[in-house]
Amino acid sequence: MNEYLLRGRITKLFSTLLIIFIQILSFGVFSQSVFDKKDSVKVFFQDDVFDYPWTGGYNFCQFSSIDLNGDSIKDLFVFDKTGNRISTFLNTGKNNEVSYRYAPEYVSSFPMLTSWVLLYDYDNDGKEDIFSSTSGGVKVHRNISNGRELKFQLQSSLLMSNYNSLLNLYVSPADLPAIVDVDSDGDVDVLTFSILGSTLEWHKNLSQELYGHSDSLIFQLETSCWGKFEENNLSNEITLNVSCQGRDNEQGGSRHSGSTLLALDIDGDRDKDLLVGDVSSKQLTLLINGGDLKNALIVSQDRSFPSNTKAVEIINFPAAFLLDINNDNKQDLIVSPNAPNVSENFQSVHLYKNVGSTNVPVFVFEKNNFLQQETIELGEGACPVLFDIDRDGLKDLMTGNYGYFNSSTGTYVSKVAFFKNVGNKDTPEYSLINSDLAELSKSNKLNLMPAFGDLDGDGNADMLVGDQDGLIHCYSGIKDSLTNYIKTSGTSYFNIDVGQAGSPFIFDVNADGKLDLVIGEKNGTLNYFPNNGSMTSPLFDTMIEFWGGVDVRLKGYTVGYSVPYLYFENGSLKLLVGSESGKIYLYDNLENNLTGNFELVNDFFAGINEGIRTAPSGSDLNGDGLMDLIIGNYSGGLSFYYGTDKVSIINNAYSLPNFKIYPNPVKEKLIINWAEDLNCETGFTIFSLLGEPLIERKLITNNSSITLTGIPSGVYLVELVNKYGRTVRKLIKE
């Protein structure tokens with residue numbers, strides 16, 4: 001506070017000092033940008049406490065089992081198509097028990113993955129490998145973990161198959177193939193719909209035939225008409241006993257845009273039956289194979305699977321996954337939508353328990369919100385705001401969202417939730433008090449983005465809410481009420497219209513004692529509205545567009561979805577901006593430069609990677625003088641980061657795979673190398689052991705060199721940061 005005043009604001013009026021003091025209490029004065037991701041902050045709903053509240057949310061997920069920590073127990077891998085987000089959980093359950101611990105420390109060990117991901121141990125070494133989507137088909141990463149260190153190595157950048165000539169084994173990024181040993185010969189095969197056809201291709205792996213082992217990936221198209229069935233081009237209808245004459249080694253006619261496959265033996269006869277999901281359907285269709293291991297023949301179908309219990313009904317495009325959830329050595333069934341943005345997004349992970357046997361599974365519906373019931377789940381587009389709404393000295397948490405999907409109408413409903421801080425100044429804890437603050441859902445507006453501040457000087461927190469149309473709505477707080485607000489604006493507060501997806505932030509930007517507005521928008525820029533009125537009667541009649549030259553759109557993109565957050569660090573005003581890409585941007589040089597361009601300090605702040613459309617909010621939540629962060633994302637969840645002043649803690653937060661620095665010890669020239677499949681712009685910084693940055697660079701290629709001119713002999717820390725995370729290595733300079 002005193003440092004801020006000594007910078008030339010001592011002569012301001014008492015009212016100015018008061019509002020600045022309130023801002024510092026509300027938004028913080030901090031001195032670090034290193035954060036440690038945590039899931040230990042408790043969140044309550046009524047009498048229950050969430051097991052893992054800060055996982056970031058789940059929408060359109062794919063599930064696999066994998067041993068993450070080398071203890072020979074199968075853990076849980078979750079891939080959300082929203083933002084290509086990975087979540088990892090350690091299995092802590094005993095026999096017939098469902099118990100997992102959120103373990104985000106393993107996420108950075110996985111390579112960049114997109115569209116679809118299935119884990120399968122193709123080389124039979126007991127370690128699950130990665131099959132995933134890539135341009136033109138399928139890529140594979142081999143699991144080369146050693147003990148408790150999880151590692152992957154690119155095995156094939158594009159699987160090939162012999163279609164009479166060698167071509168890429170095509171799988172649509174919208175589909176989900178079956179990665180499975182179709183003929184039980186010990187090596188993995190692929191079932192997928194052809195690029196233009198409505199029949200199923202079987203790509204047989206010849207590893208056993210050629211080499212007598214399973215660790216090769218050599219495919220040939222065995223048949224283009226596996227099971228002798230055909231899926232309708234316009235619906236999920238399936239025709240059995242079709243003629244396959246002329247189909248093998250040919251591409252069929254046009255087909256609809258998506259199907260999901262799960263191959264399993266559901267009747268205990270050793271051959272593979274099939275669960276099929278379709279982009280035009282709510283249901284899964286079970287296809288029974290009446291053939292044998294080499295010659296499949298689908299003889300019957302169940303279009304309301306499973307018929308013995310509550311059948312699958314997901315709007316829309318269901319995808320099914322087999323894994324043992326409750327540790328009874330029987331594979332259970334998880335079903336989740338495979339169509340981003342047009343399906344359930346908060347009750348979208350359906351769990352069916354296997355009450356049958358290992359060989360003949362019988363699935364019974366358990367719940368429609370597996371994992372989701374134990375985390376903060378806000379549908380899509382979570383936007384957090386930390387603000388002491390009840391004036392008890394503790395920062396409460398309010399969260400807006402794009403919306404919850406209403407399966408009965410096929411539309412979205414947006415709300416603002418209120419989590420009261422029921423902890424203390426050293427240990428925050430949150431309790432969900434109201435899931436629809438001010439009943440904003442009745443406004444029929446989408447993408448509600450809240451901001452809080454006492455705009456009229458009456459001592460009550462007012463709420464501004466941006467919407468998808470770029471308009472801003474004002475709700476005045478009512479004395480002695482935490483949840484009741486009265487709308488005090490017409491169509492839009494002061495007729496403000498920023499285009500689309502208005503994201504307001506309330507802050508005294510120009511330090512004149514009056515609260516101003518900074519509003520983000522869909523195009524990725526910021527708009528500044530100085531308060532030309534007074535502390536009790538604000539006036540926002542001036543709009544400064546493209547404020548500070550901020551633009552968080554990636555090159556070539558038309559949208560950015562900027563979400564601003566202003567704070568003080570060492571008495572200096574800083575700006576964080578969340579974005580569509582998921583990167584959080586840090587800007588400096590704001591003070592005395594409100595009409596100029598700000599300095600972009602970092603376009604990947606603190607190495608935080610939480611999926612797309614991030615929304616940051618910060619405060620000192622544990623009383624250690626350091627800023628902590630809560631980050632929202634488009635998967636509809638929140639992530640919690642404690643601030644730390646220890647540079648070395650970075651290594652505990654993330655660990656980038658496949659990075660090498662050498663020689664070490666080094667005399668003059670240091671080489672930085674990483675795997676080609678992780679090739680992207682990477683930040684490089686050398687720190688002294690006191691945390692002082694000595695050399696900072698942006699590395700473009702995956703084999704760069706740094707000349708250490710002027711660096712004396714000694715021990716240093718090298719930080720590497722890119723979109724996959726960050727890590728720190730010790731460096732000795734001779």
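Index from 1, following the sequence.
Side-chain atoms of S579 never come within 3.5 Å of backbone atoms of I584 as a donor-acceptor pair (strictly under, hydrogens ignored). Using a distance-only test at 3.5 Å, with no hydrogens or angles considered, no donor-acceptor pair links the side chain of N401 to the main chain of A382. Y561 places no side-chain N or O within donor-acceptor distance of the main-chain N or O of N523, the cut-off being under 3.5 Å. For the pair N622 (side chain) and T427 (backbone), a donor-acceptor distance under 3.5 Å is absent. Side chain of D508 to backbone of G513: a donor-acceptor contact under 3.5 angstrom is found. Proximity of a side-chain donor or acceptor of D462 to a complementary backbone N or O of G477 within less than 3.5 Å is detected. Formation of a donor-acceptor pair under 3.5 Å by the N589 side chain with backbone atoms of N593 is not found in this model.
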For this session: Decide yes or no on side-chain contact (heavy atoms from CB on, under 4.5 Å) for I376 and F50, but give the supporting numbers first.
Result: CA-CA 8 Å; I376 296 174; F50 292 152; 4.3 Å; yes
For this session: Before giving the answer on side-chain hydrogen bond (donor to acceptor under 3.5 Å, both in side chains), spell out for D541 and N532 the whole-Å C-alpha distance, their side-chain angles and the decisive distance to 0.1 Å.
Result: CA-CA 7 Å; D541 59 355; N532 295 324; 2.6 Å; yes
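Taking every heavy atom of both residues into account, R391 and G459 meet most closely at NH1-O, 3.2 Å.
Salt-bridge annotation for K583 and D603: present, with a side-chain N of the basic residue lying under 4.0 Å from a carboxylate O of the acidic one.
A 6.0 Å sphere centred on NZ of K42 holds no more than 12 heavy atoms belonging to other residues, nucleotides or ligands. For I486, the CD1 atom is loosely surrounded, since the number of other residues' heavy atoms within 6.0 Å does not exceed 12. When the shell of 6.0 Å around CD of E439 is examined, it contains 12 or fewer heavy atoms from other residues, nucleotides or ligands.
F598 has its ring centre less than 6.0 Å from the ring centre of W547. Here the two rings, on Y430 and F419, have centers that are 6.0 Å apart or farther.
Residues D36 and T644 bring no donor and acceptor atom of their side chains to less than 3.5 Å of each other. Side chains of S572 and N570: no donor on one and acceptor on the other come within 3.5 Å. Side-chain contact, E521 with N527: a donor N or O sits under 3.5 Å from an acceptor N or O.
Each side-chain hydrogen bond (donor to acceptor under 3.5 Å, both in side chains) pair with one or both residues in residues 489-499, not counting sequence neighbours, would appear here, but there are none.
If you run ring-ring contact (aromatic ring centres under 6.0 Å, His included) between F605 and each of Y567, F35, Y585, only F35 comes through.
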